[in-house]
Structures are given as C-alpha cells and as structure tokens.
Visitor: 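Starting off with a structure, shown below.
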There are 2 protein chains.
Amino acid sequence: MAAGDTRERILTAATDLFGVRGVDAVSLDVIAAEVGVAKQTLLYWFPSKDDLVQAVLMQAATQLGVAIDAAIRSASDDPLDRIEAVVRAVFRPAVRRPALLGLIREVSRLSPAVGERFQSELRPLVDRAIAYLQKEMDRGRIRQADPRLIAGLCYATVTGIATEPEVLRSVGWQPTTAELRRLRAELLAFLRAALTPHVD
Amino acid sequence: MAAGDTRERILTAATDLFGVRGVDAVSLDVIAAEVGVAKQTLLYWFPSKDDLVQAVLMQAATQLGVAIDAAIRSASDDPLDRIEAVVRAVFRPAVRRPALLGLIREVSRLSPAVGERFQSELRPLVDRAIAYLQKEMDRGRIRQADPRLIAGLCYATVTGIATEPEVLRSVGWQPTTAELRRLRAELLAFLRAALTPHVD
DNA sequence: ACATTTCTCTACCATATGGTAGACGAACTG
DNA sequence: CAGTTCGTCTACCATATGGTAGAGAAATGT
C-alpha cells in the first residue's frame, strides 16, 4: 500500500462518520477502528481532531465545487436546465453518500475559523452563481427576486431534503431506488416552479 | 420559587443549548452551569441525558404543533394563504429561538426510539397536512404533485433556511431585522411560486 | 412535634476522550 | 552498510463525562 493511502482512507472514514453522526459524536478511536489503524496513526497524519475535521471539510468543498462546475459546463444555455443540472450534480453524491451534505451542516456548529475557511473555499462558486442568477433575472428567464436569497433557498431546499431522511420517512417515503427517482423529480419540479417567471 | 420551576428552566436551557450546539456537544455540566444548579439536580428531574433529550424534543414538537394549528385556524380558506400562515408560524419561533428548529435536526442523529416517538408526536399534524394538500391539488388550487413529497420539500426549505445561518452569510446576508423580513418575504414568494398551479 | 417527602448539594466512580512520548520495523539515502 | 526518515504501534496522561450514593435543609403531612 502506497504511503498516503492511509491518509485517504482516514479522510474517507472521517467524512462518512462525521457526516452521518456529527463531529462531536465521533471520537478518534471510532475513526481509527473504522480504518483499522491505531489512534496515533490518525494523529500522525492530522495533528489534532480539529485538523482532521478541517481537512475533511476542505475535501468535501472541493469535491462539490468540482461536481457543480462540471454540471454547469455540460448543461444547455437555458438557466432552468442549468439549475437542474446543478441540482442533479449535488443530489447524486447526496444519495450515494449522505454524509457529504450532512457534513456541510456541521459547519455552523464548528469554530468560526473552520467556517470561515470553508466559506472561502466555496465563495468563488457562490459569487458566480449569484451573478448568473442576477443576469438571467434581468433577461427575464428566471423569476425576479433577490439572487442571493434565491441561491440560499435553493441550496437549503436541496440539502435539507437530502440530509434529513427522518422528515421524508415521516411523510411516508421509503429510500428505495424508485422513490429516490420520484423524490429527485419532485424536487426538480418544485425548484423549476419556484424559479419560472410568471406571466401576469 | 415553586417546585417544578427548576424543571422548566432546565428544559429551556437544554433546548437552547442542544439546538444551537448539538446534543453531543452539550454536557450535563454545561446545562447545569447555564441553569445555575448542580448536575445532580438535572438527574433528579431527568434520570438520564437521554431522558432530558426526549423531554426537550416532545416539548418542542408540542409547541410547534400548537403554533401550526393556531396558524391554520386563523388563515383564510385560500390554500396558499394557509401555507403562508403556517410558514410564518414556523419561521417566527425559528427567528426568535433558532435552537427550536435546530433541535429538530438532531432527531435524525439520535436513537431510533427517540426519533420514533418524535414522529409519533407530529404524525397527526403531518397526516392532516398531506390530506389537505391532496384535496387542494384535486381542486386545482395547488400545483399537481405528490402531496407527501411536497410537504417534505416545504418543511425542508423552511427549516433548512432557518437553521443554517452559515449558508445565508455565505451569500452576503446579515441577520438584521430588515434582512430577516426580506428573507421571510423571499421564502414565502419562493414557496408560493413553487405551489401555484400553472396555466398551460 | 415528629416523620416523611421533596429538592438541592458534594463527593465519588468508571469509562471515554484527545493528545503525548517513545519504541520499532520498513524504506530510503549517502 | 550505517544512518536517517517514515509510518505504524503501545503505553500513558490529564481532563471530561454520565451517572451513583448519601447528606442536609426546607416543605409537607400526620
């Protein structure tokens, strides 16, 4: 096994555990057991638990950024198609790996320093999204609104629905493949309706 | 001070601390310090931390249920007005006391038993909401969709936007009174647009 | 007036936790 | 080949944590 493989395995295990259970509910011992190494090995690669959390968030932010960028590039020029492509790009990892978005929810609970760096990582993407929404609203292709708040609302809707399986179960939903497809379709229809300009 | 006041003060402090920081990040000592009593006093009123968490969630569920019921009764017959009243009813405590909805997010991280009881508490309300949405969709007053998923999406949007201040800050939003009003207005417009039946 | 109950407290316990120190074997370097 | 570095480990540490036991004062009941 190549040097550094252990580091990647630690990041993978930590991402899943932090995202599903919450940072404070997961000890270094639990992560070490999951990876199959000693706790000291974690601390060799990451000097402290905070450093590990930071690394995990940066990696998640990078992965999301890359996925979103790729989705934007491959979508058509229609803004609603682009938004749909972004939602699909975000929703796909959320379904395969719920911990990924669940992890982002942890940011508000961590130290301000961690939150700041995380925001900095995603800021270019967020700024481009807001500028894009403003332009399309000006062109009349997206419903007139505050683009910053619209970006926040879209994000909140997607991650909210993707990271709270309890909510869906409480309305009778089951995490089967067919139900997941219907959920994604309904989510996309919901957002499309929310953003479509109206004819008065 | 009347007997039982201590119990209420414990519930209030625990709700705020659990909701803001997360259940696992808050120790019994921290809650005790906030209330101004000994840890043993907490354990006198609630035999274990799990019991305290359970009590806090049940109280929150009851409070939300009461607020939502009142909002529904006072709204007009128009379904979009009713949904707006419910969103206002949920959003108001979220703004005054962010911990309340933040607490509900903890449910998915707690033991299945706790989650089950919490769901049971809110089930009558959820079932009525779904039946109502179905009826109004049938009458053509709400956009045709799966009422269960629409209920889940509305909830996810409201709580998502209300409980992740980091997301809003990342799009340049500040928690001032004016900005809160604009956020609520934008949220309501977003949901109204998402639910309005379209004319083809 | 005395007994009981209620509600608070301190002291204590066993375990969990994040982190430190140094040992050791494998890989690498000169 | 010897020295160095890397990456793993066990043993240990100080503190945090959820919970138990019993003491004591105030309130309540007989």
Side-chain angles (χ1 to χ4, degrees), chain A residues 1-59 103 106-107 109-115 117, chain B residues 1-59 103 106-107 109-115 117:
Chain A
M1 184 193 307
D5 274 4
T6 303
R7 187 178 191 276
E8 285 308 312
R9 284 166 58 227
I10 290 170
L11 283 171
T12 298
T15 295
D16 290 336
L17 289 164
F18 285 153
V20 169
R21 302 188 200 179
V23 169
D24 296 301
V26 176
S27 65
L28 294 178
D29 276 310
V30 164
I31 301 170
E34 179 70 22
V35 179
V37 297
K39 178 169 64 180
Q40 185 45 32
T41 302
L42 305 193
L43 293 165
Y44 173 80
W45 293 101
F46 304 93
S48 71
K49 185 180 182 185
D50 275 349
D51 289 317
L52 175 56
V53 170
Q54 188 101 233
V56 148
L57 283 174
M58 290 307 114
Q59 193 184 55
L103 185 66
E106 289 292 292
V107 173
R109 295 224 169 125
L110 302 174
S111 72
V114 174
R117 287 178 62 179
Chain B
M1 182 192 310
D5 273 4
T6 303
R7 185 177 191 278
E8 285 307 314
R9 285 166 56 226
I10 291 169
L11 283 172
T12 297
T15 296
D16 290 338
L17 290 164
F18 285 153
V20 170
R21 301 188 201 178
V23 169
D24 295 300
V26 177
S27 65
L28 293 177
D29 276 309
V30 163
I31 301 171
E34 179 70 20
V35 180
V37 297
K39 177 170 62 178
Q40 184 45 30
T41 303
L42 304 193
L43 292 165
Y44 173 80
W45 292 100
F46 305 94
S48 70
K49 186 180 182 184
D50 276 347
D51 288 319
L52 175 56
V53 169
Q54 188 101 234
V56 148
L57 282 174
M58 289 307 111
Q59 192 185 55
L103 186 64
E106 288 291 293
V107 174
R109 296 233 169 116
L110 302 174
S111 74
V114 174
R117 288 178 62 178

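Throughout, a chain's letter reflects where its sequence line sits, starting with A, and its residues are numbered from 1.
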Visitor: Please report, rounded to the nearest Å, how far the C1' atom of D/dG7 is from the CZ atom of A/Arg9.
Guide: 13 Å
Visitor: How does protein reach along nucleotides 10-24 of chain C, written 5' to 3' as B (base within reach of a heavy atom under 4.0 Å), S (only sugar-phosphate), or - (no contact)?
Guide: B------SBBBB---
Visitor: Which atom names give the shortest non-hydrogen contact between A/Pro47 and A/Leu43, and what distance separates them?
Guide: O-CD2, 3.6 Å
Visitor: Taking side-chain hydrogen bond (donor to acceptor under 3.5 Å, both in side chains) as the test, write out the residues that go with B/Thr12, two or more places apart.
Guide: none
Visitor: Provide, to the nearest angstrom, the distance between the OH atom belonging to B/Tyr44 and the C1' atom belonging to C/dT8.
Guide: 9 Å
Visitor: Residues in side chain to side chain contact (heavy atoms under 4.5 Å, CB included) with A/Asp50, at least two apart?
Guide: A/Ser48
Visitor: Give a yes/no on whether any side-chain N or O of B/Thr6 is located under 4.0 angstrom from OP1 or OP2 of C/dT8.
Guide: yes
Visitor: Would you give the length of the straight line joining atom CG of B/Leu52 to atom CG of B/Leu11, rounded to the nearest 0.5 angstrom?
Guide: 6.5 Å
Visitor: Which atoms of nucleotides 25-27 of chain D (N or O only) lie under 3.5 Å from a protein N or O atom, and what are those distances?
Guide:
none

Visitor: If you round to the nearest 0.5 Å, how far is CG of A/Leu57 from CD of A/Gln59?
Guide: 10.5 Å
Visitor: What is the distance, to the nearest angstrom, from the CH2 atom on A/Trp45 to the P atom on D/dT5?
Guide: 16 Å
Visitor: If I take atom CG in residue B/Asp5 and atom P in nucleotide C/dT6, what distance separates them, rounded to the nearest angstrom?
Guide: 17 Å
Visitor: In Å and rounded to the nearest 0.5 Å, what is the CH2 to CD distance from A/Trp45 to A/Glu8?
Guide: 9.5 Å
Visitor: I'd like a table of donor-acceptor pairs (distance under 3.5 Å, sequence neighbours excluded) in which one partner is a side-chain atom from residues 18-42 of chain B, with atom names and distances.
Guide:
| from | atom 1 | to | atom 2 | distance (Å) |
| --- | --- | --- | --- | --- |
| B/Ser27 | OG | B/Val30 | N | 3.2 |
| B/Thr41 | OG1 | B/Ala38 | O | 3.4 |

Visitor: With sequence neighbours excluded, tell me which residues meet side chain to side chain contact (heavy atoms under 4.5 Å, CB included) with B/Gln54.
Guide: B/Met58, B/Val114, B/Arg117
Visitor: Side chain of A/Thr41, heavy atoms from C-beta onward: which of D/dC9, C/dT6, D/dG7 has the nearest atom to it?
Guide: D/dC9
Visitor: Name all stems that contain residues of DNA chain D, defined as runs of 3 or more consecutive Watson-Crick or G-U wobble pairs, both distances under 3.5 Å.
Guide: C:1-30 with D:1-30
